[in-house]
Amino acid sequence: MNKQPLRCRVQVILPIERPYDYLLPYGSDGIQVELEPGQVVMVPVGRRILPGVVWDGVADENVPLKKLKEIAEVSEVPTLREELRKFVEWVANYTLSPQGSVLKMALSVPQALENLVGQKLYRLVTDNPKEEGDADTGKPRLTSARQKVIDVITDSGGWTLADLAREAGVSSSVVKGLEKLGLIESYFDAPDFSFSVPKPDAVGPVLSPDQKAASDDLVSRVQDQAFSTVVLDGVTGSGKTEVYFEAIEAAIKEGRQALVLLPEIALSSQWLDRFKKRFGVAPAEWHSDLTPALRRKTWRAVAAGKAPVVVGARSALMLPYRDLGLIIVDEEHEGSFKQEDGVYYHARDMAVVRAKGCSCPIVLASATPALETMVNVQNGRYERLILPGRHGGAGMPDVELIDLRFDKPERLQSGPGWLSQALRGAIRQTLEAGEQAMLFLNRRGYAPLTLCRTCGHRLQCPHCTAWLVEHRRFRRLQCHHCGFSASLPENCPSCEAEDSLVPCGPGVERIVEEAKLLFPEANVALMASDTMTSPAATKAMVDRIQNREVNLLVGTQVVAKGYHFPFLTLVGVVDADLGLFGGDLRAAERTFQLLHQVAGRAGRAEHKGRVLLQTSDPKHPVMQTLKEGDRDKFLEIEAETRARGHLPPFGRLAAVIVSGPDESELDNFCASLARSIPQIDGAQILGPAPAPLALLRGKFRRRFLIMSKRTIAPQGIARSWLAQLKAPSRIKVIVDIDPYSFL
DNA sequence: AGCACGCCGACT
DNA sequence: GTCGGCGTGCTC
C-alpha cells in the first residue's frame, strides 16, 4: 500500500486569505503526530518560522507534495477554541480583510507562544544605593545607548533580553553591561499565570431601586448563559458602572469570564480604582503599552481561564477566552472603538457577534447611545434598561445658548478675543463664588491656521492636505495628521515679508492666554492630550483640580472623559459649532454626544451646574435639543435626516480608499475603476472623489463610496467590483466597511 | 509582513 | 567591470 504523508491546514499570521497546507510533524517514533484544529504551531514560511493555527477543514490534495513543508513545532499554549476560529473567519469576511491578519490580532503576541520555562527577564533596580551628585566616585556613565535601555525598561520590568535590546535599538551587550553595573537586574519569570479571583463577596455599594432593578435583569441574563444585547442607558452619574459590576460578579460566580471594553482614554486609573474598591483586586488589563512579559502572562491567563475579568481597549476583544460569560462595552457610542489601521473593524459591533458565539449577554452602556444602537432598540434587536436621574441628587445643569452673532467677543489689546460678554460675566461670578469654571474647546495648540498678511500664503503641511497648527508652548508648527513639525518661521516662506505671519482662529493655548488676561487673579490650567504626557502627569493635574489649586480650567475633549471634578459649576463651550462642519455623516451626532458629555461635567456635587454654549447657529437642532436637555428628540431628528438620505443605519456604506504616491497613475486607475462600476438594484457607487485629506503622509488619496439598502451587503458588491481590476503594485486599495471618520 | 530576486547608478 | 539601491512578487 502506497501511504501518503498526512497533511493539515494551517492559518499563518500573514496577510493571507486562507490557510496553507503542511505536513503533520513526525514524532520520535517516525510516525506522524495527529493534531486537532485550534492547536497553535510554528511553521516554516519562506525562510522564516511563524506562528499559525491548525485550521478546520481538510488539506487540498492537489498541492504538490514537494511544495509541502513540515510543521516545525507544536506550542503548548491552550488550543484556540472553535468559537474563536469561527469569529476570526467571520470578522475577516465582514471586513474583507485577510484571515491571517485577523488571526494575528488574536495571537497578538508571538512571545505569548514561546515556552517560557525559566525565562530570564530584566527589570530596573529600584533601590539604587548610589546617590546622584557624587561626581568622581566612578559612577557609571550613562551613554546614550544605555539611556535608551533605561527609558524603555521604565519601572515595570518584565523584558526578555532580546525584546529589550530590540525595543531600545541597541545590542544585547549594552543590556548585559547595564546588568553588570547594577542598574538593571535579571530574574526568572514566575511560572504561575493566574490573576487573583475578584472577591464576589466583598460588600457592594447600596444600589438605588432603579439600579437594583437593572442589575437584577443583567444578573439573570448572565445566569441564563444565553445571547442577548442590552443597552444600559443612563446619564452621567446615574450609576451604570455599579450596575454592570453586579453583572460581572454574577459571571464570576457562574465560573465564566467577563470582558469590559473601554475607549482608550477611559482606561483611567479612576476606573481601575473603582474596580479594586468593589472587588478587592485588580482586573487583568489589556492595552497597547503592556510590557511583553505582562502581555504574555495575560494572554496565557486568559486562554487558561485564569483571568476572570479582563478590562481593555478594543483589541481585548480578540483574546482567546476559555469561557466568556459577559461582555460590557462602556461608552459604546465612542468613535475610538472603530479601528482604522490594518483590519478596519468596529469593536462594539464585533463584540455583539462574539457574544453571540459565546452564548452570553452583552451590555452596551452609554449616556448618549449611538443612533444605530437606538435604532436597534426600536426594531427589537437590542433591549434597553434605563437608569433615570442623577445618582446623588444634583440635577442636570442648565444649558444656555450664547448667540455669537449678537454677543460678539470684543477685541483684546493683543488681538481678537473669543469669549463673549455673557461668558466672561458667568466666569467672573463663578470665580467670585469660590467655585471652578471650565472652558472647553476641542482644538489643540494656539491657532489652527497661520497666514501671511502680505501675500495671503497659508502654512500647510508638506505631506498632507492640512494646515499646520501653531503650538506656542513649543514655538513650533505641527501637523495633527502625520506629526510633521517645524519651527515657526520669522518671515513668510512664500513672499519673505517680515513680521507678516498672523495666527487665525483659536486653539486652547490661545484661550488660556485670553483667560489669564481677563482674569489675572485666577489660577488657570490647560488640559489637553499633549499636556498629559504620562499617567503621572495626568494624575498630578487631576489632583490639582480636585484640590482646587486650579479654578479656571481650559481643556480639549480629554476633560470630557471620566474625571470627576466636584467643585466645577460652570462649563463654557468656546465654539459649539466646531464639530458640525466637514461633511462627516456623524458630525451632528458626535457634536451632540461630546457637548452633552462636556455639559455633564458641570455641577456634580451639591451645586447645580451651568453650561454656556457659544454658537453662531442657535437654531440648529443640536443646539436646541442640548438646551432643552432632550436627547431623544435629538435622536429623532437625526434619525429622520439619515433615513431621508438612506444613510446608516437606514442604509449601508462602504468606503473604498485608493491611494498611491503618483497622482496621475492614481487618477488613471480610478478612472478605470469608475468605468467598471456595476449596475446594481438597490445600491450605487459614487466617486472617485478626492478623499477629505487628498494628500496624507505623502500619498495621494481618492475615495469611492458604496451605498446600499439595508438588505444588501456592500461587501459582495465591493468584492466583485474590485476583483475585475488588478491595482498597479504601487496603488493600494482599502475597503472600509461601515466607515466612521471620513478621512 | 519579510525576504529574495531583479534591473539601473557610483565605486575599486 | 562589480556593489547595492529598493520596486515587485511569493510565501504551503
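The shown structure was predicted, so the numbers you read here are calculated from the model rather than taken from an experiment. Protein chains get the first letters and strands the later ones, always in sequence-line order, with residue 1 at the start of each.
Rounded to whole Å, atom P of dT11(C) lies 12 Å from atom CG of L68(A). Note: CG (D662(A)) to P (dT8(C)) measures 11 Å, nearest angstrom. Across the protein-nucleic acid pair, L50(A) atom CG and dT11(C) atom C1' stand 9 Å apart, rounded to whole Å. Atoms CD1 (I13(A)) and C1' (dC12(C)) sit 16 Å apart, rounded to a whole Å. For the pair E17(A) CD and dC10(C) P, the computed distance is 15 Å after rounding to whole Å. If you take CG of L14(A) and P of dC10(C), they are 15 Å apart, rounded to a whole angstrom. Protein atom NZ of K67(A) is 8 Å distant from nucleotide atom C1' of dT11(C), rounded to whole Å. Nucleotide dC12(C) holds its C1' atom 16 Å from the CG atom of L35(A), rounded to whole Å.
Nucleic acid contact for K69(A): sugar-phosphate only, since backbone atoms but no base atoms lie under 4.0 Å from a heavy atom of the residue. Residue P44(A) is in sugar-phosphate contact alone, with no base atom involved, counting any heavy-atom pair closer than 4.0 Å across all strands shown. Contacts of R47(A) with the nucleic acid, taken as non-hydrogen atoms under 4.0 Å apart, involve only primed sugar atoms and P, OP1 or OP2.
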Practice item. Go through the steps for D738(A) and R652(A) under the test salt bridge (charged side-chain N to carboxylate O under 4.0 Å, His left out), then give the verdict. Key: CA-CA 7 Å; D738(A) 309 330; R652(A) 302 212 213 179; over 6 Å; no

Check your understanding: Are F669(A) and L725(A) close enough, and set up right, to give a side-chain contact (heavy atoms from CB on, under 4.5 Å), and what steps lead you there?
Key -> CA-CA 9 Å; F669(A) 180 65; L725(A) 285 167; 4.3 Å; yes

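Note: F484(A) and H463(A) have perpendicular aromatic rings, judged against thresholds of 30 and 60 degrees for the angle between ring planes.
Because its NZ or CZ atom is both nearer than 6.0 Å to the ring centre of Y740(A) and within 45° of the ring axis, R586(A) counts as a cation-pi partner of that residue. For the pair R18(A) and W55(A), the NZ or CZ position fails the cation-pi test of under 6.0 Å to the six-membered ring centre and within 45 degrees of the ring normal.
The 12-atom threshold is exceeded at NZ of K338(A), counting heavy atoms of other residues, nucleotides or ligands nearer than 6.0 Å. Atom NZ of K148(A) has more than 12 neighbouring heavy atoms from other residues, nucleotides or ligands inside a 6.0 Å radius. Within 6.0 Å of the CD atom in Q724(A), the count of heavy atoms belonging to other residues, nucleotides or ligands exceeds 12.
Taking all atoms of both residues into account, the shortest heavy-atom contact from P661(A) to R730(A) is CD-O, 3.5 Å.
Across residues 723-730 of chain A, S729(A), R730(A) each have a non-hydrogen atom less than 4.0 Å from an atom of DNA chain C (numbered order).
From the 5' end on, the contacts that DNA chain B makes with chain A at under 4.0 Å to a non-hydrogen atom open and close at dA1(B) to dA4(B).
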